[in-house]
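Written below as structure tokens is the structure these notes are about.
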Number of protein chains: 2
Amino acid sequence: MQIDERKQKILKAIVQDYIATAEPVGSRTISKKFELGVSPATIRNEMSDLEEMGLIEQPHTSAGRIPSDAGYRYYVDYLMDPVQLSEDDKKKINKEISTRLNEIHEVMEYTGKLISQVTCLTSLVLEPKTKNSVLKLHFLPYEEGKAIMVMVKDNGKVENSVVDIGEDITPEELQILANIFNEKMSGTKAQDIKTVLLREIYGELSRKRRMLDGILGILGRMVNEFEEVDEGKVYLGGALNMLNQPEFRDLDKVKDLFQVFEESNKLKELLNHDQQGLNISIGSENIEQVLKDCSIISATYHINGKQIGSIGVLGPTRMDYSRAITIVDYMTKSLTEMLTKKYRRTK
Amino acid sequence: MQIDERKQKILKAIVQDYIATAEPVGSRTISKKFELGVSPATIRNEMSDLEEMGLIEQPHTSAGRIPSDAGYRYYVDYLMDPVQLSEDDKKKINKEISTRLNEIHEVMEYTGKLISQVTCLTSLVLEPKTKNSVLKLHFLPYEEGKAIMVMVKDNGKVENSVVDIGEDITPEELQILANIFNEKMSGTKAQDIKTVLLREIYGELSRKRRMLDGILGILGRMVNEFEEVDEGKVYLGGALNMLNQPEFRDLDKVKDLFQVFEESNKLKELLNHDQQGLNISIGSENIEQVLKDCSIISATYHINGKQIGSIGVLGPTRMDYSRAITIVDYMTKSLTEMLTKKYRRTK
DNA sequence: GATTAGCACTCACCGAGGAAGAGTGCTAAC
DNA sequence: GTTAGCACTCTTCCTCGGTGAGTGCTAATC
């Protein structure tokens, strides 16, 4: 869409003023607050054009204009001024995160809190996907018929779960299972394990008929475990901030919104776009109908340049895009750096 | 407080009608809906007395009466009719829980969902406190200078964490440490481990001077781990249900309430009364000022008759107490039974 | 003496009506 | 092409009277 410079300035003024005040912007306001050197009447004419183009709209006849989704999109793509994060903010973020780096879930939770605090919006943080290799498998004795399976993954995480092994499997046999895994499978992606592993083990064990049935059963359950821990958890932070937004003064809207917040699957989907890097989804561009008055800024972070998770902020379409983008961007970089440092492995 | 039978009947009618309708109850309503055999005028006189006693109050002059906190308390203590849970409900609860019994956090989360669904209120579920014994300790190799410590607790939970062990500790030495622990300490309460363990290990190892320093360091960190995992997580479910309650039509109240919901520490405190069994906290009886219009029904559940956690429901003071109590009560019993069955150990 | 009918009074709630104010669109002049 | 002027629209806010639910009091009744 090609629009002339003065229209751009006016659109920019409308978006910025509306972001700041949450009130429809009138022609007089623009001519007073922003120095365009033209009278309100001229601005009115331009606004009429902008409305025809679908970039702004009028809540009712005698009100000012507010940006449409398309208007925000144009603003974000072409008009927005870049914002620098203050050194203070940067320091705060870096320091706060690095003091919390013990457990991955603590990092995630705190990252979320931090983002929502700095942006005054709601934060979404997706745990690194553990669609990655299990490096090593250990079995430990538990109780009759059960064993503790400890999995070391190549992102440094350690998971354990109790698996049923049946009564007639001996510790030695379990050890064989672990050995086979550690020798042959180490580094296999979890989702590939199901097929590959089963074939391998089958070959290896075909001599030892007696064990076979039991162990195949264990494998079935193990693979379930692998998949279960595969899911990155999603952390929601600062949901309350939404209640301070004037667009959520309506209780029904709050209900709808929080309904989405309670469904972690939906939240995951919101962050789960395929492309890497920064992504901005404005209003009706969101998959979720309920979020038609919200925008989401999200970005991916990396560990060892490979596994990825994402973080995002969710706010009303009328959010301070440039600030939010800057913060999300900085946060992903800082997270990538720290997590990579933490989980750098010789392998 | 001694009040005559007719006053009791009237108070009961007021509470029940108010619970059902959320509207102040007038004298005419009572005389029509409940068969007391007296005219509205008589009821009015009685109501006037009840108000003087502080059991009911009047929102404004020309409105009916609503129960005060003291009124609810009297109702709960003396007037309430017991409710039987329908067989359907029972079956539903039992079935739903037992299909989910794999991971403790799944049980907790699902229990919460179930309670909030059945009561249409908000549920709080406190994980079993793991202020309990570590039965067994294992060490597994991780990377240079670190080891995976796997702890089996006597409530059946398995926890793992990566501990720094320093470069010059050999796997064999770690094994010794584990052996010492498993022989001497097994079953010691986590909070007692710090002192006892240190003394024991010190004696055991005083011969092997070289190892001592390193191992003492590990112990320090281990003990931190023990304490860290001590905290039971709290699960919140059905927070949205509160938004359907007419008392939370006011956005500011919602904000305050959700503020509490976001602080898991406060939620824990709400469930953390010392006495076992059922506990009812009405309105201003709550520690948390913000919850002065809410009541909490909570009860403790047990595993192996020892470790305890609790579950609760939170709703407006105008909640259906007898139903809520019945459900919470049934739920704790059913949870106790199932968890005890699951975690029954020969030890 | 307890109960009740009758009645005046209070007060929240609701909808109508009207004034104020913000903002527009149009027209005519610059 | 730009702007001043003006009529017009529409929301917001306030006021005001009517309505209805419910009370408290008084006097009559059981």
In whole Å, what is the span from the CZ atom of A/Arg6 to the P atom of D/dG1?
-> 10 Å
Taken to the nearest whole Å, CD/A/Glu46 to P/C/dG23 is 19 Å
A/Met47 CE to C/dG23 C1': how many Å, rounded?
-> 9 Å
Restricting both atoms to N or O, compile the protein contacts to nucleotides 25-30 of chain D shorter than 3.5 Å, with distance only.
none

Can you tell me how far P of D/dG1 sits from CG of A/Asp49, to the nearest Å?
-> 11 Å
Expressed in angstrom and rounded to an integer, what is the separation of A/Glu51 atom CD from C/dG23 atom P?
-> 15 Å
List, with names and distances, any nitrogen or oxygen atoms from the protein found under 3.5 Å away from nitrogen or oxygen atoms belonging to nucleotides 11-15 of chain C.
from, atom 1, to, atom 2, distance (Å)
C/dC11, OP1, B/Thr61, OG1, 3.4
C/dC11, O4', B/Ser62, OG, 3.4
C/dC11, O2, B/Ser62, OG, 3.0

Are B/Lys90 and B/Glu87 ion-paired here, with the side-chain N under 4.0 Å from a carboxylate O?
-> yes
Salt-bridge contact B/Lys292-B/Asp69 (side-chain N to carboxylate O under 4.0 Å) | no
What is the distance, rounded to the nearest whole Å, between atom CD of B/Gln58 and atom P of C/dC9?
-> 18 Å
Hey, which sits more toward the 5' end of DNA chain C by its nearest nucleotide, B/Ile43 or A/Ser48?
-> B/Ile43
Quick one: does A/Leu126's side chain get under 4.5 Å of A/Val234's, heavy atoms only?
-> yes
Positions of residues 26-36 of chain A (non-hydrogen atom under 4.0 Å from DNA chain C), listed by number | A/Gly26, A/Ser27
Residues at least two apart in sequence or cross-chain that pass side chain to side chain donor-acceptor pair (under 3.5 Å) with B/Arg6, listed by chain then number, are B/Glu46
Take B/Ser39 and A/Arg65, find for each the nucleotide of DNA chain C with the closest heavy atom, and name the residue whose nucleotide sits nearer the 5' end.
-> B/Ser39
If we only count heavy atoms from C-beta on, is the A/Tyr74 to A/Gln8 side-chain gap below 4.5 Å?
-> yes
B/Glu23 has an atom CD; how far is it from atom P of D/dT23, in whole Å?
-> 14 Å
Student check: side-chain heavy atoms of A/Lys266 and A/Gln259 closer than 4.5 Å | no
Taking only residues two or more places apart in sequence, or in another chain, which ones meet A/Arg44 in a side-chain contact (heavy atoms from CB on, under 4.5 Å)?
-> A/Ser27, A/Pro40, A/Ala41
Rounded to whole Å, the CD1-C1' distance (B/Ile66 to D/dG22) equals 15 Å
Tell me the ring pair (Phe, Tyr, Trp, His ring centres under 6.0 Å) pairs involving residues 38-72 of chain B, sequence neighbours left out?
-> B/Tyr72-B/Tyr321
Is the closest side-chain heavy-atom distance between A/Lys255 and B/Leu243 below 4.5 Å?
-> yes
Test item: A/Arg323 and A/Ile327 side chains (from C-beta on) under 4.5 Å apart, heavy atoms | yes
Looking at B/Val328, B/Thr122, B/Asn279, B/Leu270, which hits side chain to side chain contact (heavy atoms under 4.5 Å, CB included) with B/Ile296?
-> B/Leu270
